[in-house]
Each structure stands twice: as C-alpha cells, then as structure tokens.
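Down below is the structure, laid out as structure tokens.
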Number of protein chains: 2
Amino acid sequence: MARARISDVAAAAGVSTSTVSLVMNGRVARISPATQDRVREAAASVGYTPNSVARGLRTQRTRTIGLISDQIATTPFAGRMLAGAQDAAREHGHLLILVDTVGDPDVEAEALRALAGQQVDGMIYAAMWHRVVQAPAGLPDGTVFLDCRPAAGGFPAVVPDDRAGGRDAVRLLVEAGHRRIAYVDLDEPERPVASGLRHEGYLEVLAEAGIEPDPALHVCGAESSAAGGRAAAAQLFDMPADRRPTAIFCFNDRMAAGVYVAAHRRGLDIPRDLSIVGYDDQQLVAGELDPPLTTIALPHYEMGRWATEVALGVREPPDDGQPYLMPCPIVRRDSVGPPPAAAPTPAGGEPLTTP
Amino acid sequence: MARARISDVAAAAGVSTSTVSLVMNGRVARISPATQDRVREAAASVGYTPNSVARGLRTQRTRTIGLISDQIATTPFAGRMLAGAQDAAREHGHLLILVDTVGDPDVEAEALRALAGQQVDGMIYAAMWHRVVQAPAGLPDGTVFLDCRPAAGGFPAVVPDDRAGGRDAVRLLVEAGHRRIAYVDLDEPERPVASGLRHEGYLEVLAEAGIEPDPALHVCGAESSAAGGRAAAAQLFDMPADRRPTAIFCFNDRMAAGVYVAAHRRGLDIPRDLSIVGYDDQQLVAGELDPPLTTIALPHYEMGRWATEVALGVREPPDDGQPYLMPCPIVRRDSVGPPPAAAPTPAGGEPLTTP
DNA sequence: CACGATTGCTCAATCGATTGAGCGCTCAAA
DNA sequence: TTTGAGCGCTCAATCGATTGAGCAATCGTG
C-alpha cells in the first residue's frame with residue numbers, strides 16, 4: 001500500500017489539493033469550519049503524512065539540520081552533546097542529520113557537499129573536546145561551532161566556560177580552608193585549551209584569596225589517564241611535608257582517579273588527609289571512586305541544545321562575536337573536606353593553623 | 001550567491017539539462033566524450049552539487065537512512081554503534097538521520113512519521129542494550145533491529161552473541177586450569193537477556209569440561225555497578241576456603257571493578273590469587289583497572305555497520321528469520337592466570353593439584 | 001437593484017532534478 | 001536513391017507539495 005498523497009486526501013474530502021494544503025498548514029483564515037473538518041477527517045482516514053521531500057523542494061526549507069563532527073564515538077560526552085542537539089531539533093520540528101568525518105578532510109568536504117545537497121536548514125560543526133579548529137572551506141554562513149571555536153572567528157560558537165569552571169573548582173577548596181592547592185595538568189605538547197583556561201581560573205582564585213601560587217604545585221602527567229594522574233601525584237607526595245599540598249585540583253576525572261590511587265598507596269585518606277576536585281563529571285569515573293569525586297561537570301547536553309537553537313535561529317549568539325561560554329555546573333560529592341587539622345609541619349615550619 | 005542548479009550547468013555547457021543529468025549520473029553510453037568533458041568542466045566551474053531534495057522527489061530514493069533509538073546518550077557504547085552505522089552509510093553514499101525518542105512512545109510515533117515523511121530509504125530501530133522490544137506500530141517493512149530483537153519477530157535483527165561470549169570467557173578460565181569458577185550476575189528483577197545468555201554459555205563450558213556447576217558460585221549484586229560487584233564478591237570470599245572460587249566471570253566490567261576492590265580488601269592479588277574475566281570491554285573501566293581486565297568486547301561498531309548494510313540491502317540477514325548473532329571478541333589483558341599453585345584447602349580438603 | 005467587498009475555494013505555476021520517448025542527422029546496406 | 005539502424009542529444013512529463021492570482025457566490029450598502 002503506497003503512502004497517501006495530498007491528492008488522495010483532496011479526493012476523499014472532495015476539495016482541491018490547495019485546500020488540503022491550507023488546512024494542513026493551519027492557514028485556515030478563508031476556509032469554512034465544515035471544510036476544515038472534512039479535510040482533517042479525510043487526512044486521518046487515509047493516514048496522510050506530508051511528503052517532506054516534496055515540501056522541501058517547494059519551500060526550500062527541509063526542516064533538517066546537519067551535524068558534522070570529527071569523532072562521534074571517541075568520548076562518552078559525545079552522546080550527551082548529540083542528545084542535546086537532537087532534543088532541541090525535535091522540539092522545533094526538525095530532524096538531525098549526522099555525519100562523522102573520522103577526522104579526514106576529504107570525508108569532511110564530501111560531507112559538507114552532501115549536507116548542502118540535502119538543503120539542510122542549519123549546520124553544526126562539532127568537536128568532541130574543546131579546541132580551536134580551522135574552519136573548512138565551504139562551510140555555510142551561520143554554521144554553529146560546537147565545543148570548538150573557529151581560529152578565524154566569524155561563526156557563532158559555544159564552548160564550556162573552562163576558566164569559570166577552574167575558578168569554581170579551586171574556590172571550593174579555598175572555601176574549605178585550603179591554602180596549598182596543587183593543579184595536576186597535562187604535559188605541554190598534549191595540553192588542550194581547556195587545561196590552559198582551567199589553570200587561569202586556578203590562578204585567579206588564588207590571587208583573590210591572597211595565596212601566592214607555588215610553581216612547584218603545578219605538576220604534569222604525561223597522558224590524560226589514571227596513570228598520568230598517579231605519576232603527577234607521586235611528585236607532589238614526594239615533596240617535603242611543609243610544602244606538600246593539602247588539596248589537588250585535577251585537569252580531569254581520569255587523572256583524579258590516578259591521584260586517588262597514589263594517595264591510597266601513601267596511606268592518605270580522602271578527604272581527611274587530602275581533598276580532590278576533578279573536572280568533566282565523567283560518570284563511570286567520578287561516580288565510582290571511593291569516596292565519590294567532587295567535580296565540575298562539562299555541559300555537553302546544554303551546548304548541544306544551544307548550538308541547535310542558534311542554528312535554527314531561535315536563539316541569538318553573543319553579539320560581540322565571541323564564543324558563548326557555557327557554565328560548567330559544580331557537582332559536590334565527597335572528596336573535599338577541610339585541610340588536616342594539624343598541618344604537616346614536622347621540621348620547624350610555622351604551624352599553618354590560624355588563631 | 002545562490003547555489004548552482006542543473007540548468008546553470010546546462011547553460012554554461014551549451015547543452016540541455018537532460019544531458020547534464022546523464023553525464024553527472026554516469027549514463028554516458030550515448031553522449032560523446034567531448035560533450036561529457038564540457039559538461040564536467042561547466043559543473044566544476046559553477047560549483048554544481050545536485051540538489052538531493054529535487055532528486056529525491058523524482059527518484060523516490062533519498063539516500064538517507066533513519067536511525068531511531070530510545071537513548072542515544074546513556075551508554076558509552078552508543079557512540080560506537082552510531083559510528084558503525086554512520087561509516088557504513090557513508091560508504092554507500094547515504095546520510096544518517098538520527099532520532100532519540102527518549103523512550104517516549106509519543107515521541108517515537110512522531111519520529112516514525114517524520115522519518116517516513118522524509119522518505120528514508122531504510123530504517124534502523126536501535127536499543128542501547130541488548131533486549132527484547134515490542135515493535136511499534138507503523139514501523140516500515142524491512143526495518144532493522146539493532147541491539148534488540150522484536151518480540152514478535154518478522155524483522156531482521158542483530159544482537160551480540162552473548163552466549164558464545166560467555167563460553168569464551170569461561171573457556172579462558174578453564175584453559176588456565178580453573179575448576180571453581182563463579183559467575184557474578186545481576187539480581188533477578190534487573191537481569192537483562194544478556195546475562196541469561198552469558199550464564200548459559202558459562203554452564204555449557206563447565207559441562208564441556210566435566211565440571212559440576214556449583215549453585216553457590218552463582219552470586220548476584222543488586223545493581224550493575226562496582227558496588228553491586230563488590231557485594232557479590234564479598235559473598236564469595238566469605239565461603240569456606242575449599243569451596244571458594246579461584247576465578248570469577250563477571251556479568252560486566254563495572255561489576256568486575258567491584259570484584260577488584262573486594263579482592264584487594266581481602267589482600268588477594270589478581271591474577272595470582274584470583275583470576276577475573278569481565279564483559280563489555282568498557283574502556284574507562286577495563287583498561288584502567290590494575291591489572292588491566294581481561295574481558296569480552298561488545299561488538300557495537302560492527303553491529304551498527306551490519307544493521308546499516310542490511311537496511312541498505314547490501315547484506316542479507318539470516319534466512320531463518322532469527323537475529324544475527326554478532327561475535328564478541330576476546331580481549332586478553334592481565335587478569336587471568338593459573339589457579340593458585342597450592343589450592344586453598346586448609347581443613348582436610350583434598351588437594352586439587354593434579355599429579 | 002447595482003456595485004464593491006468579502007468569503008470560500010480552485011487554478012496553475014513552481015521548486016530542481018530524472019527519464020522515456022522522440023527528433024534529426026549520418027552512414028551503410030539494399 | 002531509399003530504407004533502416006545507430007548516434008547524440010533534447011522535449012516534456014513527472015515526483016508531491018506550496019502559493020499567488022483569480023473566480024464565483026454571497027453579503028452589505030446606498
């Protein structure tokens with residue numbers, strides 16, 4: 001049984017296709033109520049669904065938006081981003097067309113042409129982690145950059161507010177009373193923009209609190225993994241007791257997991273002896289640690305929504321041309337406490353406890 | 001600058017649009033080489049990309065396939081599944097339209113109509129974990145079920161071969177010399193089909209090896225998490241030494257992570273004192289454990305490809321109407337070793353070591 | 001009652017491609 | 001020279017909807 005066309009509905013209702021079209025699209029100002037009812041009944045009885053392809057050809061609007069990204073599969077955050085984009089698209093009656101370029105520029109160019117050929121109403125160019133990208137040639141005007149910013153500007157973009165997130169993370173620790181706060185980072189060549197921004201936030205809060213930043217407390221792991229975090233933490237724990245941090249802010253949850261391991265090996269209890277804050281709120285890591293990790297969440301779902309809404313024109317991007325900075329929520333769990341009551345000052349150091 | 005149409009190319013090449021169409025589609029049997037060249041040059045010079053919407057209307061084939069699923073975001077496997085589907089679609093010149101129904105039947109019905117309206121060439125109905133689903137009304141014939149099977153049959157489907165995976169996992173342990181092998185499962189009400197199948201595989205291999213299954217070695221955690229696994233493992237470790245397992249097969253990697261924790265708390269070394277095999281190959285869990293977990297991988301990428309290829313008609317589903325069982329690869333890491341040399345037989349038990 | 005305005009609906013062009021039928025030409029065979 | 005076949009290309013219909021223009025009937029007004 002072939003799908004019903006508008007002409008089938010028209011025949012069933014005894015009117016022209018024009019009338020059916022007008023009724024189906026709610027342009028009923030000049031259609032009598034009786035006719036409207038007949039059309040609607042006819043449509044229902046033949047099971048009519050408008051053919052979007054034909055409509056798209058005529059109206060030049062397809063109610064689809066294209067999302068092109070380099071790696072859909074790699075990160076657990078990708079799904080949340082897609083979910084946000086998809087939800088927003090659906091709420092506005094649009095469909096999401098997804099293309100993964102596997103990071104290959106040829107595939108990317110091909111995808112761009114395919115999406116243009118599909119007459120998508122909007123385009124989103126997504127990365128799966130916050131970075132600066134070179135906008136490919138042929139990107140339509142108004143393409144929204146998601147979790148990345150175009151090197152040359154000129155496009156709306158949304159990225160996590162990593163700097164504010166870094167501030168929040170460190171503020172959590174300062175407010176708990178910590179003064180010696182380390183930052184566990186990634187080694188230079190690998191270091192992503194997110195890390196630089198989080199580190200800036202870290203420095204800002206230290207400055208606010210009147211704490212002199214100690215370069216020795218900025219340590220790096222070779223890779224973004226538990227192993228990387230463990231190695232970096234080991235450096236910290238090897239420091240003389242009076243210089244050792246009482247709290248550690250980690251670039252991400254995976255590295256924080258490594259810090260946990262290192263701490264346990266030294267017999268340090270979290271949060272009694274050491275407070276830790278992570279970043280990303282990576283469920284399988286942060287939630288499964290013991291004690292559960294306090295962290296800063298990456299707002300992927302919200303960013304996905306934002307990008308779609310801007311692509312559809314139902315939301316305005318910042319008018320200064322800068323990327324929109326999506327706030328990163330604080331996720332309080334159990335890895336932050338006050339610093340150890342007796343500060344570790346074994347060899348003639350001045351006690352850190354305030355009067 | 002508006003997009004070039006076929007008529008622009010025709011004008012530039014001095015031919016009719018028919019000729020351009022024939023050349024662009026490679027139906028050049030009756031077109032002179034000289035004309036072909038002129039057309040191709042003209043197309044390149046005006047930057048012509050065929051309008052898929054118009055073509056779709058005419059040919060009734062849109063080169064898109066719809067993927068409708070209940071939860072895109074929830075599992076880390078979803079991305080791999082989408083990646084597989086998307087890669088296969090791209091290789092065959094198709095685009096993937098993605099819809100997440102959020103598990104809502106109304107949204108699902110609406111999505112089905114929207115995709116039908118888009119004239120998708122194929123449809124995939126995906127779940128994010130292996131289960132039996134009720135096929136919604138209005139699903140087009142030939143819809144492929146991905147990671148789920150329709151309760152009533154009648155559609156091609158692909159699911160992981162959990163039974164074979166269970167066999168492989170347990171065989172790994174039997175071949176290492178273990179005879180007392182536990183299965184850490186989920187509690188009844190939560191237990192998914194995957195677990196039942198993996199347990200069947202477990203029993204089959206025990207039978208093959210002539211090992212009498214001990215019901216006491218089939219223990220359950222309340223939830224699919226490290227906490228659930230830890231609780232279940234604790235039961236096992238509380239058993240008298242001569243009945244205690246020397247190896248544990250876990251329903252999934254997360255529960256295996258809990259078994260690790262329980263083992264460490266009892267001072268058991270993995271794999272010296274206890275061998276463990278997981279399931280899922282969940283990178284963030286299996287790869288980060290110490291030692292890295294030997295496990296059975298879920299073939300989500302491959303299943304995504306399979307579903308797309310069947311939906312596009314480039315691959316045939318099994319002709320017996322049963323779901324295709326996708327093999328689950330064995331991922332050997334470091335959590336399996338021989339059983340402890342001196343079997344734990346403290347109180348008059350018979351030594352298990354063979355002559 | 002005549003005339004214009006309003007109401008309720010239809011006509012036909014249009015979006016941009018594809019494709020079966022067909023046209024005019026050349027060439028070979030009869 | 002006529003006929004037929006083959007070649008190279010074009011004509012025009014078509015896919016299924018939307019939409020500006022327009023037509024016939026009715027209504028209100030002077």
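Throughout, a chain's letter reflects where its sequence line sits, starting with A, and its residues are numbered from 1.
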> Has the side chain of A/D320 got a donor or acceptor atom that lies under 3.5 Å from a matching backbone atom of A/Q322?
Replying inline: yes
>> Could you check whether A/R90 pairs with B/E110 (Lys NZ or Arg NE/NH1/NH2 to Asp/Glu carboxylate O, under 4.0 Å)?
In response: no
>> Within the 4.0 Å heavy-atom criterion, would you say A/T35 contacts the bases, only the backbone, or no part of the nucleic acid?
In response: sugar-phosphate
>> Treating primed atoms plus P, OP1 and OP2 as sugar-phosphate and everything else as base, which nucleotides of nucleotides 16-24 of chain D get B, S or - for protein heavy atoms under 4.0 Å?
In response: BBBB-----
> How are the rings of A/F145 and A/Y125 set to each other: parallel, tilted or perpendicular (split at 30° and 60°)?
Replying inline: tilted
> What's the verdict on side chain to side chain donor-acceptor pair (under 3.5 Å) for B/S18 and B/S21, showing C-alpha distance, side-chain angles and the deciding distance?
Replying inline: CA-CA 5 Å; B/S18 306; B/S21 175; over 6 Å; no
> Is the shortest heavy-atom distance from the side chain of A/D121 to the side chain of A/T62 under 4.5 Å?
Replying inline: yes
